[in-house]
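In what follows, residues are counted from 1 in the order of the sequence shown.
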Amino acid sequence: MTTIENKIYENVVWPYRLIGNFLLIGAIWLSTFGVITIRHNLIGKQIDSLLSELYQQSAVVGWGLDDITLEGREKTSLNEVFDVLNITRGDNILKIDLPEVRQKVMSLPWVKDAVVTRRYFPNIIHISLKERQVKSIWQYHNEFYPIDEDGEIIETEYVTQPNVLQIVGEDAPQHIKELLQIIEQDKELFARLKAANYISKRRWDLIFDDVEHGITVKMPEEDLETAWKKLVKLDKTHGLLKYKLTFIDLRLKNKIIVKVADEK
């Protein structure tokens, strides 16, 4: 190759070499920056610092929390809510994490569900609660536990109410929801039910009118709804539960066994 050709070749190639060197240097710089960023989280720290400063400044100029309002609260105390939230007036309302607030509120024993929203001017965090309802009291090992509509134990202190159904037996809470869905269909007869005993983890004995001296109705292991409807019909047409009986046995499909209480 002649000298002239060499010069032409160099003139053509050098820009590409320069671009290649820049690209190589850029790749090395990006790799180094990436390693440093990963090791020290410089970007994350800078962003966190900027956000912290932004929140502080915005709280001063009108974005501070004015109040927390609660809706649907009956059994949940205000102190319980405020203690678990750890939020105070003046905190930046934009900084408050609503999903985190909801998660904290949901940890309270009486709370079944919660909706948390922001409201502005005034700046308010509004919490709408749906509380768990006591559907029965489970007596187990001489202790009493409130049971909600889903058959779950409510882990809190509770004063037993006289009109709440008492249930007995191992695994009774896990099966009470199914029972209630059936027997609550007849409100009049259900109102007379005082206790339900889950027998041998298989079936229910229902006790009417009085826990100690009432009428015990022995329900079958299967086809519980049919047996309950039969009891309702017999009571409405023949006043079965008005007689002085000790028990009514509905465990047999085509036969009803009753025992009359002894005369005193």
Geometric cation-pi criterion, Lys194 with Phe208: 6.0 Å, 45°: no
Leu179 versus Ala196, closest heavy-atom pair with distance: CD2-CB, 4.1 Å
Could you check Lys218 against Asp249 for salt bridge (Lys or Arg N to Asp or Glu O under 4.0 Å), going step by step and ending with a plain yes or no? CA-CA 5 Å; Lys218 299 180 179 294; Asp249 194 338; over 6 Å; no
OG of Ser77 to CH2 of Trp110: how many Å apart, nearest 0.5 Å? 12.0 Å
When you check the gap from the basic side-chain N to the acidic O, do Asp66 and Arg89 get nearer than 4.0 Å? no
Tell me whether Glu80 is salt-bridged to Lys75, with the criterion being a basic N under 4.0 Å from an acidic carboxylate O. no
Is the count of non-hydrogen atoms from other residues, nucleotides or ligands lying under 6.0 Å from Glu188 atom CD greater than 12? no
Has Gln185 got a side-chain atom pairing as donor or acceptor with Gln181's backbone, closer than 3.5 angstrom? yes
For Trp228, run the side chain to side chain contact (heavy atoms under 4.5 Å, CB included) check against Val217, Leu189, Leu250 and tell me which one passes. Leu189
Are any side-chain N or O atoms of Asp91 and backbone N or O atoms of Thr88, one a donor and one an acceptor, separated by less than 3.5 Å? yes
Considering only NZ, NE, NH1 and NH2 on the basic side and carboxylate oxygens on the acidic side, decide whether Asp113 and Arg102 come within less than 4.0 Å. yes
Using 4.0 Å as the upper bound for N to carboxylate O, is an ion pair formed by Glu170 and Lys201? yes
Would you call the rings of Tyr198 and His175 parallel, tilted or perpendicular, where under 30° means parallel and over 60° means perpendicular? parallel
Determine, for Lys95 against Asp97, whether the closest basic-nitrogen to carboxylate-oxygen distance falls under 4.0 angstrom. no
Quick one, Leu240 with Leu231, criterion side chain to side chain contact (heavy atoms under 4.5 Å, CB included). Give me CA distance, side-chain angles, the key distance, then yes/no. CA-CA 8 Å; Leu240 182 63; Leu231 179 65; 4.2 Å; yes
Grouping I, L, V, M, F, W and Y whenever their side-chain heavy atoms are under 4.5 Å apart, do Phe190 and Val168 come out in a common cluster? no
Between the CD1 atom in Ile137 and the OH atom in Tyr145, the distance rounded to the nearest 0.5 Å is 11.5 Å
Minimum heavy-atom separation for Ile127 to Val101, with atom names? CD1-CG1, 4.2 Å
Short question: side chain of Asp210, backbone of His213 - any donor-acceptor pair under 3.5 Å? yes
Step through the shown structure and confirm whether more than 12 heavy atoms of other residues, nucleotides or ligands are within 6.0 Å of CD on Glu178. no
When you group the ILVMFWY residues by side-chain heavy-atom contacts below 4.5 Å and let the links chain together, are Leu165 and Ile154 in the same group? no
More than 12 foreign heavy atoms under 6.0 Å from CD of Glu222: is that the case here? no
Side chain to side chain contact (heavy atoms under 4.5 Å, CB included) for Ile87 and Ile68? Distances and angles first, verdict last. CA-CA 9 Å; Ile87 297 174; Ile68 300 173; 4.1 Å; yes
What are the two closest heavy atoms between Lys135 and Asp148, and how far apart are they? CG-C, 3.9 Å
Does Lys104 offer a backbone N or O that forms a donor-acceptor pair with the side chain of Ser107 under 3.5 Å? yes
Check this for me: does any side-chain nitrogen of one of Lys112 and Asp150 sit under 4.0 Å from a carboxylate oxygen of the other? yes
Do you know the tightest heavy-atom contact between Val211 and Ala195? CG2-CB, 4.4 Å
Quick one: do Val134 and Ile147 satisfy side chain to side chain contact (heavy atoms under 4.5 Å, CB included)? Show the steps, please. CA-CA 6 Å; Val134 177; Ile147 306 298; over 6 Å; no
If you group Ile, Leu, Val, Met, Phe, Trp and Tyr by side-chain heavy-atom gaps below 4.5 Å, do Phe144 and Tyr140 land in one group? no
To the closest 0.5 Å, what do you measure between NZ (Lys177) and CD (Glu152)? 9.5 Å
Smallest heavy-atom separation, Ala172 atom then Trp204 atom, equals O-CH2, 3.8 Å
Close side-chain approach of Met219 and Asp205, heavy atoms under 4.5 Å: no
Between the side chains of Gln166 and Ser136, does any donor sit under 3.5 Å from an acceptor? no
May I ask you to check whether over 12 heavy atoms, not counting those of Asn163, lie within 6.0 Å of atom CG? yes
Starting at CD1 of Ile93, measure out to CD1 of Ile96 and round the result to the nearest 0.5 Å. 6.0 Å
To the nearest 0.5 Å, what is the distance between NZ on Lys229 and CD1 on Ile183? 14.0 Å
Could you tell me the separation between the CZ atom of Arg132 and the OG1 atom of Thr156, rounded to the nearest 0.5 Å? 10.0 Å
Identify whether the distance between the nearest side-chain nitrogen and carboxylate oxygen of Arg202 and Glu221 falls below 4.0 Å. yes
Can you see which heavy atom on Trp138 is nearest to which on Gly169, and at what distance? NE1-O, 3.0 Å
Could you tell me whether Arg192 and Asp209 make a salt bridge, using a distance below 4.0 angstrom between a side-chain N and a carboxylate O? yes
Is Leu241 linked to Ile256 within one hydrophobic cluster, defined over Ile, Leu, Val, Met, Phe, Trp and Tyr using a side-chain heavy-atom separation of less than 4.5 Å? yes
Please evaluate residues Ile215 and Ile248 with respect to the criterion side chain to side chain contact (heavy atoms under 4.5 Å, CB included), reporting the C-alpha separation (whole Å), side-chain torsions for both, the decisive distance (0.1 Å), and the verdict. CA-CA 7 Å; Ile215 302 173; Ile248 302 169; 4.1 Å; yes
Short side-chain donor-acceptor distance under 3.5 Å, Thr117 and His126: no
So, Lys236 and Asp186, do they make that salt bridge, N to O below 4.0 Å? yes
Hydrophobic cluster membership, with links at side-chain heavy-atom distances under 4.5 Å among I/L/V/M/F/W/Y: are Leu78 and Leu129 in one? yes
Looking at Leu180, Asn197, Ile176, which one forms a side chain to side chain contact (heavy atoms under 4.5 Å, CB included) with Ile167? Ile176
